[in-house]
Every structure is written in structure tokens, then in C-alpha cells.
Amino acid sequence: MTIRPITIHGEPVLHRRAAEVTQIDDEIRALVADMFETQDAAHGVGLAAPQVGVGLRIFTWTFEDSGDAPARGHVINPVLTRIGKTSQEDPHPDEESEGCLSVPGYSFPLKRSDHVRLTGLDVDGNDIDFEGTGWFARVLQHEYDHLDGYLYINRLNGKWTRRWKKSLRREGWTVPGHTWLPGVDPDPFGHDETDEHHHDHHEHESH
């Protein structure tokens, strides 16, 4: 298994729809293994294939409070259905902040559905079909968005979008070529200092 560099906002693969996997072969199985290795090294709770530069519809997750779903899993060619409606209220700046491994070091508040259904396949070709609630539902939505070319910062409300755009200009993440390598580069969310896993997705994307 190999830890792969994580792509940062501005890399085209993050901003376009990923392609369906047409054949689950050894290359796909190796990719999923590498994604788990990379996600773990980055202290992430989820990771989508575009985040390691591969434009395919695959994501992984590790999240203990997953209900009836596997606490550590992956999905190929997923379909996500939002069962719970997304509130139109302003998100809570502390309790509903997301982060993203592809927007390293930042977090912003965002409302999500609190109940979703996920279907798809695993690397053995078995069907996946379960529901996720609470923060786990947020993780699944965050990763699924990556497969459609959306990062969580694309869904922020007006106030938080303005703050993000200031950060984007400051970082210069508008062009391709920016990556960071978990386990080698300093951890952008401070896990090097605490060595603790946090639930802010992303803190982590992936969330």
C-alpha cells in the first residue's frame, strides 16, 4: 500500500464529475487500499478518489458512530439519496463546521441533511445498501459531493462564501499543482500536535 499525495482546491480532477468504475480489477482494489492508507495517514474520516488525483466514483470512510453501517468501509459507483431535508437556517459555527483534506487547514459551517441512504458496490462486487444519520450522514454527503465535482466550500451560504473566497485568494489555490503528502508534510489540521482523531470531517473529507 502507498500513501498518495492529496490534491488541493484548484486541481481540475476535484472540480469535475468523476467517471463510473466499469470494471473492478486489481488496479481498483489497489486504489482502494491506497485510499485507506492515505486517509489514515491524514487523520481523515473519509476520502474520495479525486482527492488522490483519480477521477473515479469511489470513496472510503472510517467513522465509529455509523449505526448499522460498517464503521470502516468503501463504496464504488455510489448513489446517495437524501431522506432528511436540509434546513435553511444558518449553520452553527461550532457544531456544524466541516473541513476538507483538499482545503487543508480551514473549516466553515454548513447545513447538511441528517439522514441519507447510500447504495453501491464494494471491491468484491457485493451490493451496499444502508442509511446514515447525524454526523455520519454528513461524512457520506461530503464524500459523495467530491464525486460530482463539488467541495463543501461550494455549498456555503453567502457570509461564509465571502470568508472562504478571501482565504482562497490568500492561498492561491486557483491553479493546478498544489498537493500535500500525509505523513511527510505537516498536518494542516494540527494532528501532529495532538495526535487525536477528530470528527470535524474533514476535520475531515474527505469530510
Side-chain angles (χ1 to χ4, degrees), residues 1-9 11-14 16 18-66 69-78 80 98-105 118-128 130 132 136 139-147 149 151-152 176-207:
M1 292 185 291
T2 303
I3 297 173
R4 302 195 186 194
I6 293 178
T7 55
I8 292 175
H9 184 284
E11 193 66 35
V13 70
L14 290 172
R16 61 176 176 244
E20 276 76 12
V21 174
T22 57
Q23 181 178 354
I24 301 173
D25 54 18
D26 287 346
E27 187 174 349
I28 294 299
R29 284 185 278 272
L31 170 62
V32 171
D34 286 355
M35 288 173 62
F36 274 121
E37 187 88 351
T38 303
Q39 176 196 292
D40 290 347
H43 301 283
V45 298
L47 189 71
Q51 293 183 275
V52 291
V54 179
L56 291 175
R57 301 186 74 78
I58 304 171
F59 68 77
T60 58
W61 71 86
T62 302
F63 192 84
E64 292 182 6
D65 191 12
S66 59
R72 184 174 175 87
H74 68 278
V75 64
I76 297 170
N77 296 341
L80 184 139
E98 288 186 33
C100 181
L101 297 174
S102 292
V103 186
L118 186 77
T119 62
L121 297 171
D122 67 15
V123 291
D124 297 316
N126 299 316
D127 288 331
I128 289 171
F130 61 77
F136 185 49
V139 171
L140 297 175
Q141 290 167 87
H142 183 116
E143 300 310 331
Y144 187 79
D145 270 354
H146 274 301
L147 306 185
L151 281 68
Y152 83 104
H178 297 285
T179 63
W180 69 281
L181 186 60
V184 175
D185 294 324
D187 188 286
F189 290 97
H191 295 114
D192 290 341
E193 288 76 30
T194 63
D195 199 34
E196 294 177 356
H197 291 245
H198 297 286
H199 280 180
D200 264 353
H201 188 9
H202 263 65
E203 283 208 42
H204 296 322
E205 231 327 3
S206 174
H207 271 263

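Because the structure is predicted, anything quoted here is derived from the model rather than measured. All values below come from the heavy atoms of this structure, side chains included, with hydrogens, waters and symmetry mates left out.
- By the side-chain hydrogen bond (donor to acceptor under 3.5 Å, both in side chains) test, N126 pairs with D122, sequence neighbours left out.
- Remark: P188 pairs with P104, W180 by the side chain to side chain contact (heavy atoms under 4.5 Å, CB included) rule, at least two apart or across chains.
- Here N77 pairs with nothing under the side-chain hydrogen bond (donor to acceptor under 3.5 Å, both in side chains) rule; sequence neighbours left out.
- In this structure T62 satisfies the side-chain hydrogen bond (donor to acceptor under 3.5 Å, both in side chains) test together with Q39, R72, sequence neighbours excluded.
- For P176, the side chain to side chain contact (heavy atoms under 4.5 Å, CB included) test picks out E11, P12, with sequence neighbours left out.
- Judged as a salt bridge (charged side-chain N to carboxylate O under 4.0 Å, His left out), and not counting sequence neighbours, the contacts of D145 are R82, R112, R155.
- The shortest side-chain heavy-atom distance between P50 and T7 does not fall under the 4.5 Å cut-off.
- Just one of L101, L47, T179, D34 meets the side chain to side chain contact (heavy atoms under 4.5 Å, CB included) condition when paired with V52; it is L47.
- D25 pairs by the side-chain hydrogen bond (donor to acceptor under 3.5 Å, both in side chains) definition with nothing, not counting sequence neighbours.
- Between F36 and H74, the two ring planes are perpendicular [angle over 60°; tilted spans 30° to 60°].
- No side-chain heavy atom of T2 sits under 4.5 Å from any side-chain heavy atom of E37.
- Atoms CD and CE, on Q51 and M35 in that order, are 8.0 Å from each other to the nearest 0.5 Å.
- Contacts of R29 classified as salt bridge (charged side-chain N to carboxylate O under 4.0 Å, His left out), with partners at least two apart in sequence or in another chain: D26.
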